[in-house]
There are 2 protein chains.
Amino acid sequence: MKTTRNTTAKTAVLEVFEKSKTALSHTEIQKQLNDICDRVTIYRILDRLLNDDIIHKISNQDGTVKYAKCNHSHQKVHIHNHAHFSCENCNEITCLETVKPSYIMPHNYKVNEINFTLSGLCPKCLNSNI
Amino acid sequence: MKTTRNTTAKTAVLEVFEKSKTALSHTEIQKQLNDICDRVTIYRILDRLLNDDIIHKISNQDGTVKYAKCNHSHQKVHIHNHAHFSCENCNEITCLETVKPSYIMPHNYKVNEINFTLSGLCPKCLNSNI
DNA sequence: AAATTAACGCAACAATGTTGCTTTTGTTTT
DNA sequence: AAAACAAAAGCAACATTGTTGCGTTAATTT
Ligand SMILES: [Mn+2]
Ligand SMILES: [Mn+2]
Ligand SMILES: [Zn+2]
Ligand SMILES: [Zn+2]
């Protein structure tokens, strides 16, 4: 059985996530790490963290991919049913943990996951744009 | 004022969309066109069709980008508020024109657009997997 | 038919992500 | 504490996707 190790790079990446209030792209993580490791290493760390349900991936409408820490209290079954907000002005993506959409599906579909992203102006940008 | 022209390549791309029941990626379009034009040309045609609200763009959770024809009856204000379904088995993406999520947002956000993608098994794959 | 310019083809480039292979390092075992 | 083991890192090379500049082609107007 394959065990996971706590390397310095992985710890550093986790610290970056811990400090950030918003979701982060691979490039943003790399910049914050000040090149303490190779970019491939960051990709592999992200893969592991995704696999261990420590972070989740958010694909934005514009094609950018970001990652954010999961803040669930380690349930057995891990479901990401919350929405995300993408600000058109500052391009920050935040988890909206409280926003869970309700919807009616046609028959004969099996839904395993949902991805609900809203875009517009975040509170910060809305206030500064009065 | 810049006018748009009906070129053979653009007409061919539109025909591909017309024939397809599912959303198409740039690569899928290129294959169906049998290289009648350069790949850059397809990108530029897609840009124009997006701009003219003839197609809309769907970014999937896995990072793939697809496009589908808009089937609205040319309203003045164009809103894409329908959901999309992404099949984990056949990787097809379809518009769910009838599925429109309801949700409650926190204050101080201005929502301009929503992007709601569900993934799982489509009716076709669900039936063949019994 | 000639003029105009949107659109095309091609080459070059950029961003993002993946893979193979050797070396390093975290963890377990002796 | 040293040796053994294997996960993870580093590095180079490659793949995919999308963009840009520029000379040429072709759709549309005059
Ligand atoms: Mn989570
Ligand atoms: Mn539409
Ligand atoms: Zn903002
Ligand atoms: Zn399917």
Side-chain angles (χ1 to χ4, degrees), chain A residues 1-17 22-68 86 91-93 115 117, chain B residues 1-17 22-68 86 91-93 115 117:
Chain A
M1 161 218 174
K2 198 166 164 173
T3 55
T4 186
R5 292 182 183 176
N6 284 322
T7 63
T8 48
K10 184 184 166 189
T11 309
V13 169
L14 277 175
E15 263 171 38
V16 169
F17 275 118
T22 61
L24 299 166
S25 68
H26 169 272
T27 313
E28 288 166 340
I29 294 166
Q30 193 182 5
K31 275 174 193 156
Q32 289 208 35
L33 288 181
N34 262 89
D35 292 299
I36 66 153
C37 67
D38 197 79
R39 44 188 291 278
V40 178
T41 301
I42 300 176
Y43 278 117
R44 296 201 256 233
I45 290 171
L46 291 172
D47 279 348
R48 273 179 275 150
L49 294 177
L50 280 174
N51 235 287
D52 296 346
D53 282 328
I54 293 167
I55 60 172
H56 55 285
K57 185 176 175 176
I58 309 149
S59 291
N60 200 18
Q61 184 66 5
D62 64 13
T64 56
V65 175
K66 300 208 176 188
Y67 306 87
S86 168
N91 292 312
E92 282 183 357
I93 294 181
N115 170 24
T117 307
Chain B
M1 161 215 173
K2 198 166 165 175
T3 55
T4 184
R5 294 181 182 177
N6 285 321
T7 62
T8 49
K10 185 183 165 189
T11 309
V13 169
L14 276 174
E15 264 171 37
V16 169
F17 275 119
T22 61
L24 299 165
S25 68
H26 169 272
T27 313
E28 287 166 340
I29 295 166
Q30 193 182 5
K31 277 176 193 156
Q32 289 207 36
L33 288 181
N34 262 88
D35 292 298
I36 66 154
C37 68
D38 197 79
R39 45 187 292 277
V40 178
T41 301
I42 301 176
Y43 278 116
R44 295 201 257 232
I45 290 172
L46 291 172
D47 278 347
R48 273 179 276 149
L49 294 178
L50 280 174
N51 234 289
D52 296 346
D53 282 328
I54 293 168
I55 60 172
H56 55 285
K57 186 176 174 176
I58 309 148
S59 292
N60 200 18
Q61 185 65 5
D62 63 13
T64 57
V65 175
K66 300 209 175 188
Y67 305 86
S86 168
N91 292 312
E92 284 184 356
I93 294 181
N115 170 23
T117 307

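Just so we're on the same page: letters track the sequence lines, and every chain starts at 1.
- A straight line from CG of D47(A) to P of dT18(C) spans 6 Å, rounded to a whole angstrom.
- Of the inter-residue distances, the one linking I45(A) atom CD1 with C37(A) atom SG reads 5.0 Å to the nearest 0.5 angstrom.
- Note on T27(B): a side-chain N or O is less than 4.0 Å away from OP1 or OP2 of dT17(D).
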Kindly indicate, with the supporting measurements, whether the criterion side chain to side chain contact (heavy atoms under 4.5 Å, CB included) is fulfilled by I29(A) and L33(A). CA-CA 6 Å; I29(A) 294 166; L33(A) 288 181; 4.0 Å; yes

Could you please spell out the steps behind the side chain to side chain contact (heavy atoms under 4.5 Å, CB included) verdict for T41(A) and T7(A)? CA-CA 11 Å; T41(A) 301; T7(A) 63; over 6 Å; no

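- Y43(A) has its OH atom 15 Å from the P atom of dG10(D), to the nearest Å.
- Rounded to an integer number of Å, the gap from L33(A) CG to dG10(D) C1' is 15 Å.
- Rounded to whole Å, atom P of dA7(D) lies 14 Å from atom CG of N51(A).
- The distance between atom CD1 of I36(A) and atom P of dA8(D), rounded to the nearest whole Å, is 16 Å.
- Taking 4.5 Å as the limit, every side-chain heavy atom of K66(A) sits out of range of all side-chain heavy atoms of L24(A).
- Relative to the side chain of V65(A), the nucleotides dC8(C), dG17(C), dT16(C) differ in distance, and dG17(C) lies closest.
- An angle of 30°, rounded to 10°, separates the two end axes of the helix from dA1(C)-dT30(D) to dT30(C)-dA1(D), each defined over five pairs.
- Not less than 6.0 angstrom separates the ring centroid of H56(A) from the ring centroid of Y67(A).
- Within the nucleic acid shown, V40(A) comes within 4.0 Å of at least one base atom, counting heavy atoms only.
- Residue R44(B) places no side-chain atom within donor-acceptor reach of the base of dG18(D), judged by atom type and a 3.5 Å distance cut-off alone.
- Remark: E92(B) CD to E28(B) CD distance equals 8.5 Å, nearest 0.5 Å.
- Atom CD in E28(A) sits roughly 12 Å away from atom P in dG17(C) (whole-Å rounding).
- Residues T27(B) and R39(B) have side chains not in contact (no heavy-atom distance under 4.5 Å, counting atoms from C-beta outward).
- Residues L46(B) and H26(B) have side chains in contact (heavy-atom distance under 4.5 Å, counting atoms from C-beta outward).
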What's touching nucleotides 26-30 of chain C from the protein side, N or O pairs under 3.5 Å?
{"from": "dG26(C)", "atom 1": "N2", "to": "R5(A)", "atom 2": "NH2", "distance (Å)": "2.8"}
{"from": "dG26(C)", "atom 1": "N3", "to": "R5(A)", "atom 2": "NH1", "distance (Å)": "3.3"}
{"from": "dT27(C)", "atom 1": "OP1", "to": "N6(A)", "atom 2": "N", "distance (Å)": "3.4"}

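- For C37(A), counting side-chain heavy atoms from C-beta on, the closest listed nucleotide (dG10(D), dA9(D), dG18(D)) is dG10(D).
- Checking the phosphate oxygens (OP1, OP2) of dG17(C), no side-chain nitrogen or oxygen of R39(A) falls inside 4.0 Å.
- The separation between D38(B) atom CG and dA7(C) atom C1' is 12 Å, rounded to whole Å.
- Which of dA6(C), dT17(D), dA7(D) sits closest to the side chain of T3(B) comes down to dA6(C).
- As a whole-Å value, the separation of I45(B) CD1 from dT19(D) C1' is 16 Å.
- Smallest separation of non-hydrogen atoms from T117(A) and S59(A): OG1-O, 4.5 Å.
- With 3.5 Å as the limit, one finds a donor-acceptor pair spanning the side chains of N60(A) and S86(A).
- Checking the phosphate oxygens (OP1, OP2) of dA9(D), a side-chain nitrogen or oxygen of R48(A) falls inside 4.0 Å.
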